[in-house]
Every structure is written in structure tokens, then in C-alpha cells.
Amino acid sequence: MTPRITSFNGVHVCVYSREHMPPHIHVLCGDDEAIIRISDSSLLQGSLEKSKLRLVRKWMKNPNIKIELEIYFFALNPQLKRSKYL
């Protein structure tokens, strides 16, 4: 399952089911894909153009966005323990 959360400026943000910790999003842009930790917007894996990574991090600065992403991540992955990462 690949629910797209949002798209902007050619960037697609997705959250998958059957995932692993830490809570993260998948960001797709052209042929690039990156995995970004929700809590601190750090790049866990993959790569993005610097300008696109800055754009995603700016979007994630909104605390409400981070809360919504974490809620969505754990809703799609109920087998993971949420309390360890709050």
C-alpha cells in the first residue's frame, strides 16, 4: 500500500504500510527517492536534490505536519509500538 500524503513542486510524499522504525516518510522526486525521519527531518536513506530536500524540510517544520505524519505512520503500521518514539 502506497498512500500519497501530498505532492508539491514535483515532490511526492508517501507513507507505506508494513514499515519499520523509526517513523519516517518516503519522498519521491523524479528518479530520486529518500527516506526522511519524521521527528527531526534527517535523511535516513537515499538522496534528493538539495533544493528539494530543503523544500521538504521547510514543509516539515510545521509541528502539526509532523504530528499528522506520525499519526498516519502508526495508523498504517499498528504492529509498531508508538509509545517508544513519542
Side-chain angles (χ1 to χ4, degrees):
M1 184 176 191
T2 311
R4 183 175 294 167
I5 303 300
T6 191
S7 295
F8 51 89
N9 294 61
V11 173
H12 305 285
V13 178
C14 302
V15 174
Y16 301 145
S17 61
R18 297 187 210 147
E19 276 290 4
H20 55 86
M21 292 301 225
H24 60 276
I25 58 173
H26 292 257
V27 179
L28 300 104
C29 183
D31 291 334
D32 294 334
E33 181 175 358
I35 297 175
I36 299 176
R37 184 189 314 250
I38 294 171
S39 63
D40 62 3
S41 305
S42 63
L43 182 65
L44 295 175
Q45 188 176 344
S47 64
L48 284 177
E49 292 178 21
K50 287 182 182 183
S51 62
K52 299 297 184 182
L53 183 57
R54 275 194 304 268
L55 187 64
V56 171
R57 285 179 169 157
K58 183 178 179 181
W59 172 72
M60 290 180 75
K61 278 189 177 183
N62 181 333
N64 292 328
I65 295 291
K66 286 187 179 191
I67 291 168
E68 289 177 25
L69 290 172
E70 281 194 0
I71 289 169
Y72 203 61
F73 178 87
F74 287 108
L76 286 173
N77 297 283
Q79 75 281 8
L80 301 176
K81 300 263 187 223
R82 184 173 186 188
S83 60
K84 288 173 56 177
Y85 290 90
L86 296 179

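This is a predicted model, so every value here is computed, not measured. For the single chain, residues carry numbers from 1 onward in sequence order.
- A distance of 8.5 Å separates CD1 of Ile67 from CG of Asn62, quoted to the nearest 0.5 Å.
- Cys29 and Gly10 make their closest contact through SG-O, 3.5 Å (heavy atoms, listed as atom of the first residue, atom of the second, distance).
- Here the side chains of Glu19 and Ser17 are not in contact, with every heavy-atom distance at 4.5 Å or above.
- No single ILVMFWY cluster, assembled from side-chain heavy atoms under 4.5 Å apart, contains both Ile35 and Leu43.
- Val15 and Phe73 make their closest contact through CG1-CA, 3.8 Å (heavy atoms, listed as atom of the first residue, atom of the second, distance).
- Inter-residue side-chain proximity for Pro23 and Leu69 is flagged as unmet; no heavy-atom pair is nearer than 4.5 Å.
- For the ring-ring contact (aromatic ring centres under 6.0 Å, His included) condition, the pairs that include at least one residue of residues 26-47, sequence neighbours left out, are Tyr16-His26, His24-His26.
- Under the side-chain hydrogen bond (donor to acceptor under 3.5 Å, both in side chains) criterion, Glu68 pairs with no residue at all, not counting sequence neighbours.
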Using residues 50-60 as the side-chain source, report each donor-acceptor pair under 3.5 Å to any protein atom, sequence neighbours left out, with the distance given to one decimal.
{"unit_1": "Lys52", "atom_1": "NZ", "unit_2": "Asn9", "atom_2": "O", "d": "2.6"}
{"unit_1": "Arg57", "atom_1": "NE", "unit_2": "Ser41", "atom_2": "O", "d": "2.9"}
{"unit_1": "Arg57", "atom_1": "NH2", "unit_2": "Ser41", "atom_2": "O", "d": "3.4"}

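- When the side-chain hydrogen bond (donor to acceptor under 3.5 Å, both in side chains) test is applied to Ser42, the partners found at least two apart in sequence or on another chain are Arg37, Asp40.
- No continuous path of hydrophobic side-chain contacts links Leu44 to Leu48 [ILVMFWY only; heavy atoms under 4.5 Å].
- Considering only heavy atoms from C-beta on, Ile25 stays 4.5 Å or farther from Ile5 through its side chain.
- Identified under the salt bridge (charged side-chain N to carboxylate O under 4.0 Å, His left out) test for residues 23-36, with sequence neighbours left out: none.
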